[in-house]
Visitor: 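Input: one structure, supplied below.
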Amino acid sequence: MNLDFKIDGCLRGFCAKGCGRQNKQLNTYDYLADVPGNAQLTDLVEVQFKNTRKGYFRNDNHLPLEKGDMVAVEASPGHDIGVVTLTGQLVPLQMKKANLKAGTEIKRIYRKARPADLEKFEEAKSHEQETMIRSRQIAKELELDMKIGDVEYQGDGNKAIFYYIADARVDFRKLIKVLADAFHVRIEMRQIGARQEAGRIGGIGPCGRELCCATWMKNFNSVSTAAARYQDISPNPQKLAGQCAKLKCCLNYEVDTYVEAARKLPARDIQLETADSTYYFFKADILAGEVSYSTDKRLAVNVVTIPAARALEVIQLNKQGEKPLRLDENEKAAPVRHVDLAEQDDLTRFDKVKRNKNKKKKQRQQRDDQRPAGDRQARGNGGNNNRPKGGDRPRREGEGGERQRPAAEGRPQQ
């Protein structure tokens with residue numbers, strides 16, 4: 001199936017044969033797969049084994065191989081089973097990218113894998129998990145400071161590769177003898193780093209995607225804390241560390257862009273002088289090309305944000321002995337705020353009233369509890385125990401008749 005489209009009247013598209021299986025890591029799209037005679041230009045073939053291990057072999061028998069074919073390749077001793085991941089002109093380029101040493105022996109492909117080969121291969125793979133667990137127990141019994149992270153059986157089951165990580169040099173000669181007696185196979189020990197172990201095991205990163213080292217990364221470059229410093233990332237070890245407990249590889253992805261953009265910003269130790277104050281560097285938005293200055297060295301006081309070009313202009317004026325009136329010559333007007341008719345209607349406005357009522361009621365109850373018992377009883381009766389009832393209530397002065405107004409001061413009473 002080809003995804004075809006037309007450009008300038010010519011039919012073009014992407015060949016489905018160049019795509020790899022999704023369950024295989026480190027796949028390379030072969031954009032020359034549909035070119036006639038591409039496979040015949042070279043007999044080199046790229047074969048991938050378990051997880052991230054790849055090898056390059058010669059197709060001396062001129063087998064019609066395509067991407068995804070299972071093949072039996074030469075190994076020492078016996079043979080191994082792998083999957084063809086690349087053929088044609090791209091294989092020499094991949095070998096060059098892998099930095100293979102000059103004079104490296106390139107082994108050959110025997111045949112396409114037969115059903116008997118695949119059955120033996122699956123049987124050998126089924127022992128890998130229990131072999132890894134048992135080998136960890138043996139290493140612990142021998143008190144070796146190492147961690148066995150993965151075990152890979154060869155396709156014919158005659159050899160097993162033990163991948164381990166260790167902080168220091170480990171003498172595992174006794175371990176090899178014990179493992180050979182326990183599993184009756186030829187033992188090969190390979191030391192890998194924490195990043196390679198994470199790539200072999202796999203997992204999900206904090207970004208929500210599968211780990212880069214387990215999907216597409218082939219070479220691991222060193223990552224330093226300077227990469228985080230250039231990007232103004234908080235130096236928090238918990239956030240900067242990945243699944244392998246090392247600095248995340250993705251810190252190197254954009255560091256070159258930040259370094260290039262930071263060259264256009266003024267130095268952080270330069271002070272800007274104006275007619276009314278002295279401004280110190282506060283922070284910078286590297287990608288936006290803006291710098292913020294404060295009138296205090298340590299605190300955000302009268303912070304002014306200006307473009308990097310304006311900061312360089314002020315620095316040049318200061319070198320000439322001139323001081324501008326303001327740091328930001330194009331002072332922006334206050335942004336127009338749109339009127340929101342519903343902003344005064346707070347969803348919690350009724351809760352606030354209720355809370356105030358409950359607070360007043362609670363305060364009133366506390367005052368009553370602090371009063372003597374007699375006063376609390378009088379308050380409970382409404383304070384009317386000594387008040388006469390019905391018509392016995394005495395009249396106040398002036399009740400029942402015409403109200404008497406007091407004479408105004410300085411005016412004779414008529």
Visitor: If you measure from NZ on Lys97 to CG on Leu93, what distance do you get to the nearest 0.5 Å?
Guide: 10.0 Å
Visitor: Hey, could you give me the OH/CD1 distance between Tyr230 and Ile286, rounded to the nearest 0.5 Å?
Guide: 10.5 Å
Visitor: Hey, does Pro206 have a side-chain heavy atom less than 4.5 Å from the side chain of Lys248?
Guide: yes
Visitor: Checking Ser277 against Thr295: is there a side-chain donor and acceptor pair closer than 3.5 Å?
Guide: no
Visitor: Near Asp145 CG, under 6.0 Å, is it more than 12 heavy atoms from other residues, nucleotides or ligands?
Guide: no
Visitor: Could you tell me if the side chain of Thr87 sits less than 4.5 Å from the side chain of Leu44, heavy atoms only?
Guide: no
Visitor: Please determine whether the number of non-hydrogen atoms from other residues, nucleotides or ligands lying under 6.0 Å from atom CD of Gln320 exceeds 12.
Guide: yes
Visitor: Tell me whether Lys112 at atom NZ has more than 12 heavy atoms from other residues, nucleotides or ligands lying less than 6.0 Å away.
Guide: yes
Visitor: Evaluate the side chain to side chain donor-acceptor pair (under 3.5 Å) criterion for residues Tyr279 and Gln271: first the C-alpha distance (whole Å), next the side-chain angles of each, then the deciding distance (0.1 Å), finally the verdict.
Guide: CA-CA 6 Å; Tyr279 288 87; Gln271 305 172 9; over 6 Å; no
Visitor: Taking only Lys NZ, Arg NE, NH1 and NH2, and the carboxylate oxygens of Asp or Glu, determine whether Arg173 and Asp171 approach each other closer than 4.0 Å.
Guide: yes
Visitor: Would you check if the side chain of Arg58 reaches a backbone N or O of Ile106 as a donor-acceptor pair within less than 3.5 Å?
Guide: no
Visitor: Indicate yes or no for a side-chain donor-acceptor contact from Asp181 to the backbone of Val178 under 3.5 Å, with no hydrogens or angles considered.
Guide: no
Visitor: Dump the intermediate steps for salt bridge (Lys or Arg N to Asp or Glu O under 4.0 Å) on Glu313 and Arg310, then the final yes or no.
Guide: CA-CA 5 Å; Glu313 181 183 351; Arg310 172 59 180 171; 3.5 Å; yes
Visitor: Shortest non-hydrogen contact from Ala227 to Val255?
Guide: CA-CG2, 3.9 Å
Visitor: Do Asp156 and Asp80 have side chains that approach each other closer than 4.5 Å (heavy atoms only, starting at C-beta)?
Guide: no
Visitor: Under the salt bridge (Lys or Arg N to Asp or Glu O under 4.0 Å) rule, what do Asp232 and Arg268 come out as? Steps first, then yes or no, please.
Guide: CA-CA 13 Å; Asp232 283 341; Arg268 302 191 174 194; 3.5 Å; yes
Visitor: Tell me, with the steps shown, if Val47 and Val83 meet side-chain contact (heavy atoms from CB on, under 4.5 Å).
Guide: CA-CA 5 Å; Val47 180; Val83 181; 5.7 Å; no
Visitor: Taking C-beta and beyond as the side chain, do Pro324 and Asn318 meet within less than 4.5 Å on heavy atoms?
Guide: yes
Visitor: Dump the intermediate steps for salt bridge (Lys or Arg N to Asp or Glu O under 4.0 Å) on Arg326 and Asp276, then the final yes or no.
Guide: CA-CA 8 Å; Arg326 293 190 306 272; Asp276 56 348; over 6 Å; no
Visitor: Do Tyr280 and Asp296 have side chains that get closer than 4.5 Å, going by heavy atoms?
Guide: no
Visitor: Answer whether the closest heavy-atom distance between the side chains of Val151 and Ile161 falls below 4.5 Å.
Guide: no
Visitor: Verify, without hydrogens or angle tests, whether Glu273 (side chain) and Thr278 (backbone) share a donor-acceptor contact under 3.5 angstrom.
Guide: no
Visitor: Asp285 side chain to Gly289 main-chain N or O, any donor-acceptor pair under 3.5 Å?
Guide: no
Visitor: Working to the nearest 0.5 Å, report the span between CG of Asp328 and OG1 of Thr274.
Guide: 11.5 Å
Visitor: Roughly how far, to the nearest 0.5 Å, is the CD atom of Gln191 from the CE atom of Met189?
Guide: 9.5 Å
Visitor: Could you tell me which non-hydrogen atom of Leu179 sits nearest to which non-hydrogen atom of Ser135, and how far apart they are?
Guide: CD2-CB, 3.9 Å
Visitor: Between Arg190 and Glu188, does at least one N-O distance fall below 4.0 Å, as a salt bridge requires?
Guide: yes
Visitor: Any donor and acceptor pair, going by atom type alone, linking the side chain of Ser294 with main-chain N or O of Leu299 inside 3.5 Å?
Guide: yes
Visitor: If we ignore hydrogens and angles and just use 3.5 Å, is the side chain of Glu152 paired with the main-chain N or O of Phe49 as donor and acceptor?
Guide: no
Visitor: Minimum heavy-atom separation for Gly157 to Ala124, with atom names?
Guide: CA-CB, 4.1 Å
Visitor: Just how far is it from atom CG of Leu142 to atom NZ of Lys177, taken to the nearest 0.5 Å?
Guide: 12.0 Å
Visitor: Of all heavy-atom pairs between Lys264 and Ala308, which one has the smallest distance, and what is that distance?
Guide: O-CB, 3.8 Å
Visitor: Under the side-chain contact (heavy atoms from CB on, under 4.5 Å) rule, what do Val45 and Leu86 come out as? Steps first, then yes or no, please.
Guide: CA-CA 6 Å; Val45 179; Leu86 202 61; over 6 Å; no
Visitor: Between Lys50 and Glu128, does the salt bridge (Lys or Arg N to Asp or Glu O under 4.0 Å) criterion hold? Intermediate values first, please.
Guide: CA-CA 11 Å; Lys50 181 181 179 181; Glu128 291 178 351; 2.8 Å; yes
Visitor: If you look at every heavy atom in Ser76 and Lys107, which pair is closest and at what distance?
Guide: OG-NZ, 3.6 Å
Visitor: Assess whether side-chain contact (heavy atoms from CB on, under 4.5 Å) is satisfied between Glu197 and Gln243, documenting all intermediate values.
Guide: CA-CA 10 Å; Glu197 183 192 23; Gln243 304 287 65; over 6 Å; no
Visitor: Determine, using ring centers only, whether Phe162 and Phe172 are less than 6.0 Å apart.
Guide: no
Visitor: For the backbone of Gly193 and the side chain of Gln196, can you confirm whether one donor and one acceptor N or O come within less than 3.5 Å of each other?
Guide: yes
Visitor: Do we see a donor-acceptor contact under 3.5 Å between the side chains of Glu210 and Thr215?
Guide: no
Visitor: Would you name the heavy atoms of Val223 and Cys249 that are closest together and state the gap between them?
Guide: CG2-CA, 4.1 Å
Visitor: Could you check whether Thr305 and Tyr293, counting side-chain N and O atoms only, form a donor-acceptor pair closer than 3.5 Å?
Guide: no
Visitor: Go through the steps to decide whether Leu65 and Ile109 satisfy the test side-chain contact (heavy atoms from CB on, under 4.5 Å), and finish with yes or no.
Guide: CA-CA 10 Å; Leu65 299 178; Ile109 296 177; 3.7 Å; yes
Visitor: Has the side chain of Glu46 got a donor or acceptor atom that lies under 3.5 Å from a matching backbone atom of Val84?
Guide: no
Visitor: Given Tyr153 and Thr131, is the side chain to side chain donor-acceptor pair (under 3.5 Å) satisfied, shown in steps?
Guide: CA-CA 10 Å; Tyr153 270 90; Thr131 301; 3.1 Å; yes
Visitor: Check whether any side-chain heavy atom of Ser234 sits under 4.5 Å from a side-chain heavy atom of Lys239, and report yes or no.
Guide: no
Visitor: Can you spot which of Gln366, Lys362, Arg367 makes a side-chain contact (heavy atoms from CB on, under 4.5 Å) with Arg364?
Guide: Arg367
Visitor: Hey, could you give me the CE/CG distance between Met95 and Leu90, rounded to the nearest 0.5 Å?
Guide: 13.0 Å
Visitor: Would you say the side chain of Arg195 lies within less than 4.5 Å of the side chain of Cys213, judging by non-hydrogen atoms?
Guide: no
Visitor: Are any of the side-chain nitrogens in Arg53 or Asp150 under 4.0 Å away from the carboxylate oxygens of its partner?
Guide: no
